[in-house]
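A, B, ... follow the sequence lines: proteins, then strands. Residue 1 opens every chain. Quick note: numbers below take in every heavy atom, side chains included, and nothing from hydrogens, waters or symmetry partners.
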Amino acid sequence: MDENIKIADTFSPIRRGLLELAVLRIVAHGEVYAADILKLLAGTELSTQEGTLYPLLSRMRREGWLDYAWQESEQGPPRKYYRLAPPGRERLAQAQKYWHTIIKNISNL
Amino acid sequence: MNKVITIHLAGRAFQLEEPGYDALRRYLDAAAAALENNPDKDEIIGDLEAALAEKCQAYLGAHKEVVVAREVEQMIIEMGPVKTDTSGETANPESAAETNRKNKERDAAAPKKLYQIREGAWLSGVCTGLAAYFGVDVALVRIIFVLLTLLTHGVLILLYILMMVIIPHADTPQARAEAFGTSPITAQDLVNRAKEGYEHFANSDEWRRWRRQMRQDSRQWKRQWRQERRQYRYEYYPRRRSFIGRLIHLVMEIVWLLFIIFCLWLAYYHFASVHQFINLLPQWADQAVAWIKSEWAAHH
């Protein structure tokens, strides 16, 4: 158990970097709401919290990879639904290629 | 009874208990500070507020109109601290190990204070507080307490009552953290960091383990006590009793009284022998040392 935690600590910068790829992949499936992203990631090694996700989403939107549309919701105020913008698709392809290269490199050692 | 403060989040009004409002205020202030240089600061804060509004909504119902402090705390823990997103930019992310080390240093520097802890207490929480203060098991503290009470002819009971009156109860999150010496208290950032420190503590395995153990202990204790009380009621307050029944009952009560007197006598007798035993201890220790010395001399 302690060992697991230590390993998770070692990989925490990598997980942080991978979060962007994970969000790109989730958003690529269609329009999603921030809470849906959290729900999909919960229980995985990449699980995260609002405090981390919202600044990330805002940066990705600033980079032009994502955009969002307001949608009415039955309970509560309108919600932001994020979707992948064309530059985001390109970014996703690049990121995935790079990630696969890393996996290949590691498994070839 | 707590004062309620009405706030609005994402265009909706919510009623929060005052301590909950304070915690939320601190959380959002910390978020604003963390996002100081972020061009989307206002937008992110708005998003966070919308998320908080939904969490608040989940706690409310037809017959529940106020979000209590505990729920706000839970919400803040779920949200997690707002981190400036620096991945992809030149960043110096502090490694987890580094953070851990810093936390430990902070904990070591944090002053420990003696509090009474109600959680898992048998009487008032003096023993649980002492256990937290010295970092030992609460059972050990209780055993020592009982032994010392016997040895001091019950003087310790007076001390216990005194402590019950004097030592404050750890009723706020910050006090609870202080009781374990885990809170980061430095004069200048007390206000900003107290909340964060408590979160770190509330999430720590130490606190969780402690709380689980305490709950189990107190549950078991309560169960036993309830059982005994039920039995007592059953024996002593029957609805109807025949003459023979009453006679047996009387005899049993006399036997019971004699048994108590016997127990007291036994305790007194043993008390004397315990005294004798303790008085003899140094003598035995001297003998043991002398024997070891002679053995040592014989072999060398």
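Atoms CD and NZ, on B/E43 and A/K80 in that order, are 3.5 Å from each other to the nearest 0.5 Å. Distance CZ/A/R62 to CG/B/N38: 5.0 Å, rounded to 0.5 Å.
Residue B/K64 qualifies as enclosed at atom NZ: its count of foreign heavy atoms under 6.0 Å is above 12. For A/N105, the CG atom is densely surrounded, since the number of other residues' heavy atoms within 6.0 Å is greater than 12.
Of the two parts of A/F11, neither the backbone nor the side chain holds a non-hydrogen atom closer than 4.5 Å to a non-hydrogen atom of chain B.
Minimum interatomic distance between B/D47 and A/Y54 (heavy atoms only, all atoms of both residues): O-CE2, 3.3 Å. Taking each heavy atom of A/Q49 and B/G80 in turn, the nearest pair found is OE1-CA, 3.1 Å. For A/S58 against B/I44, the heavy-atom pair with the smallest separation is OG-CD1, 3.3 Å.
For B/Y21, the ring pair (Phe, Tyr, Trp, His ring centres under 6.0 Å) test picks out no residue, with sequence neighbours left out.
Residue pairs that meet the salt bridge (Lys or Arg N to Asp or Glu O under 4.0 Å) test with at least one member in residues 27-53 of chain A, sequence neighbours left out, are A/E31-A/R83, A/E50-B/K55.
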